Amino acid sequence: MSLRLYNTLTRQKDDLEALPGFDPNNVRMYVCGPTVYDYAHIGNARPVIVFDVLFRLLRHLHGEDHVTYVRNITDIDDKINARAAETAAAKGMSVEQARVEITAQTAQQYLDDVTALGCLKPSHTPRATEYVARMVAMIGELVTKGFAYPAEGHVLFDVSKKADYGKLSRRPLDEMIAGARVEVAPYKRNPMDFVLWKPSDAATPGWDSPWGRGRPGWHIECSAMGEALLGETFDIHGGGIDLMFPHHENEIAQSEAAHHGHALARVWMHNGFLQVEGEKMAKSLGNFITIRELLSGWRGYNWPGEVIRFAMLSTHYRQPIDFTQSILEQATVTLRYFSTFGFYEPTVGPSDEFLDALKDDLNTPRAIAELHRLLNEARGHASNRPNEMSKPNAMLNMETFTAANQLAAGLMFLGIDIRSYDKCWVENQGRESIAQNLEREVEAAIAARAAARKAKDFKESDRIRDELLAKGIVLKDGPAGTTWEVKR
RNA sequence: GGCCACGUGGCGGAGUGGUGACGCAACGGUCUGCAAAACCGUGUACCCCGGUUCAAUUCCGGGCGUGGCCUCCA
């Protein structure tokens, strides 16, 4: 089965490998990365996780050396400048120094956060400021070719020169103009013309250009970085659905205009929007959740990255997702079950059904359903062998082995290393010391309880069990003896 | 105001022109000193109103609801 991806351009699932120009030895993907001025929030996490799974799938299908993934870092932007101006005033440094400091710091936080969510490092993480020269050159080409014009220190893209402008979002130009609520800047020829370059005053970070000192517009950054690292045409361009217009539309206009009309990307992918507890996430509503916050304490728990990631992948990427404490709790329970059989270093790949689900437009919920099937298979067989069930590190026979192995492989494929999961949770509960001595202590207590039970001293045995329960240890009496686990 | 998505059982969430996956929760049972776990089993859903069709949750139209974009917010 080949990889099919829903393409916003065609509004259907396209077979990636069948698209003209696709080269299996050079698969290229670009995803719009963060603007680094503050902690990334949970909404930012969605595309990162989704396209990380796609990155892993592409590497699996075509080989690690044949896939290039670019996720940019926008480190020049008016919000950053505003933040930098504040910091500069407070610390008595130049705005440019402050900008460099803020963006470096925030970019590192971002990387730490998404790493905690199990995301691989992209092949390249270019910073916009490193490509200003290329942006200036590209803007120059657009002016020369008649697609752009300078006006009052700005350079604007003339959308009327691009006949198919609007083809991604499928909104005709006249309709956009009619519906526009924005006040049109007087120097624009056409209300929908957008900025490629804008002037900077002395207090604002800027670069020299043929049109004076200034800074690039947002859209041109991605066009320049994509071209520099992936070439004129690449395979997949991803991002949140809110970026479809105008950002991605404008990227297409600029890049195609600069590249003799050659397509920018073969497939455009957009992940759905995220809400929190049924509402739009907004600072004003008080439901703004950063990744850092989830990891370090939200609603009383330090949610492991694996849990956040799994919760995110339990909904198909194009569907809207309602991010709630409840989905985190459900993900926690599920991963705990999986962990029973997921402790193996997989020696086989994921099952075919698992891979087929992912190859069908990244259908992670279906892939997860397959993991449940594998769990049941592993369990079903184990249940016939009471001595070997329940305990995480139990020995399995060959039948259960394959299922358990495929389960572990599937989880690893999704970027979830179940082996670190229980450890994570124990640490969350602040029981690090217990984690180290846990096994010995608990085993000793279980032995004492077993002796009490044998002597029919149930008062004592219950006391021991309650004592362990108070420490968060749940005992389970099975036909083959007592096992235990850490209660969440 | 214009354009566009989504609306599946108590919750999460696939999918389909014709017996509606899967998981959690619930319920019954086996087991058990009790409980939990495990195992077996059970029930419950396709927003509303029209239309097309032999047949619609699935296609079309309208409505309602939620959300997105049109304001360099993933």
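Owing to the predicted nature of the structure, the values given are computational and were not obtained by experimental measurement. The basis for the numbers below is simple: all heavy atoms, side chains too, and nothing from hydrogens, waters or symmetry mates.
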J.: The side chain of A:Ile321 is closest to which nucleotide in this list: B:C11, B:G13, B:A74?
T.: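 Within the option list, the nearest is B:G13.
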J.: Per the salt bridge (Lys or Arg N to Asp or Glu O under 4.0 Å) rule, what does the pair list look like for residues 110-125 of chain A, sequence neighbours excluded?
T.: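 Non-adjacent pairs meeting salt bridge (Lys or Arg N to Asp or Glu O under 4.0 Å): A:Asp113-A:Arg292.
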J.: Compute the ring centroids of A:Trp197 and A:His154, then answer whether they are less than 6.0 Å apart.
T.: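 Centroid distance A:Trp197-A:His154: not below 6.0 Å, so no.
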J.: Rounded to whole angstrom, note down the C1' distance from B:G12 over to B:A38.
T.: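 Their C1' atoms lie roughly 24 Å apart.
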J.: Under the rule for salt bridge (charged side-chain N to carboxylate O under 4.0 Å, His left out), what residues qualify as partners of A:Asp361, not counting sequence neighbours?
T.: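 Counting only residues at least two positions away or on another chain, A:Asp361 forms a salt bridge (charged side-chain N to carboxylate O under 4.0 Å, His left out) with A:Arg318.
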J.: Quick test: give all pairs of protein nitrogen or oxygen and nucleotides 20-23 of chain B nitrogen or oxygen below 3.5 Å, distance rounded to 0.1 Å.
T.:
{"from": "B:G23", "atom 1": "OP1", "to": "A:Asn376", "atom 2": "ND2", "distance (Å)": "3.4"}
{"from": "B:G23", "atom 1": "N2", "to": "A:Gln330", "atom 2": "OE1", "distance (Å)": "2.9"}

J.: Go through residues 35-45 of chain A and report each residue with a non-hydrogen atom lying under 4.0 Å from RNA chain B, sorted by number.
T.: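 Nucleic-acid contacts, sorted: A:His41, A:Gly43, A:Asn44.
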J.: Flag the pair A:Lys167 and A:Glu256 as a salt bridge only when some basic side-chain nitrogen lies within less than 4.0 angstrom of an acidic carboxylate oxygen.
T.: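 The answer is yes: the pair qualifies as a salt bridge.
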J.: Expressed as a whole number of angstroms, how long is the span from A:Ile289:CD1 to B:A74:P?
T.: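 Going from CD1 in A:Ile289 over to P in B:A74 covers 16 Å.
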J.: Nearest of B:U66, B:C69, B:G12 to any side-chain atom of A:Phe245?
T.: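 In terms of side-chain proximity for A:Phe245, the closest of B:U66, B:C69, B:G12 is B:C69.
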J.: Counting side-chain heavy atoms from C-beta on, which of B:G33, B:C73, B:A35 comes nearest to A:Ser461?
T.: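 Of the candidates, B:G33 comes closest.
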J.: Listed by chain and number, what are the salt bridge (charged side-chain N to carboxylate O under 4.0 Å, His left out) partners of A:Arg127, not counting sequence neighbours?
T.: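 Here the qualifying residues are A:Asp75.
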J.: For A:Glu251, which residues count as a salt bridge (charged side-chain N to carboxylate O under 4.0 Å, His left out) partner, sequence neighbours excluded?
T.: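 Result, salt bridge (charged side-chain N to carboxylate O under 4.0 Å, His left out) vs A:Glu251: none returned.
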J.: Can you tell me the distance, in whole Å, between the CG atom of A:Asp322 and the P atom of B:C6?
T.: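 Going from CG in A:Asp322 over to P in B:C6 covers 17 Å.
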J.: Taking side-chain hydrogen bond (donor to acceptor under 3.5 Å, both in side chains) as the test, write out the residues that go with A:Arg213, two or more places apart.
T.: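 Scan of A:Arg213 (side-chain hydrogen bond (donor to acceptor under 3.5 Å, both in side chains), adjacent residues dropped) gives none.
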J.: Mind checking what makes side chain to side chain contact (heavy atoms under 4.5 Å, CB included) contact with A:Pro205, not counting sequence neighbours?
T.: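 Checked A:Pro205 against side chain to side chain contact (heavy atoms under 4.5 Å, CB included); matches are A:Ile76, A:Asn81, A:Val95, A:Glu96, A:Arg99.
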J.: For A:Met281 and B:U66, give me the distance from atom CE to atom C1', rounded to whole Å.
T.: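 Answer to the nearest Å: 17 Å.
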J.: Go ahead and name the base partner of B:C11; Watson-Crick or wobble counts if both distances stay under 3.5 Å, otherwise write none.
T.: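 Per the H-bond distance test, B:G23.
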J.: Is A:Phe273 stacked on the base of B:G67, with ring centres under 5.5 Å apart and planes under 30° apart?
T.: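 It does not: the ring fails the test against the base of B:G67.
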J.: Output all residues satisfying salt bridge (charged side-chain N to carboxylate O under 4.0 Å, His left out) with A:Asp360, sequence neighbours left out; order by chain, then residue number.
T.: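 Testing A:Asp360 for salt bridge (charged side-chain N to carboxylate O under 4.0 Å, His left out), a comparison that skips the adjacent residues, returns A:Arg4, A:Lys13, A:Arg366.
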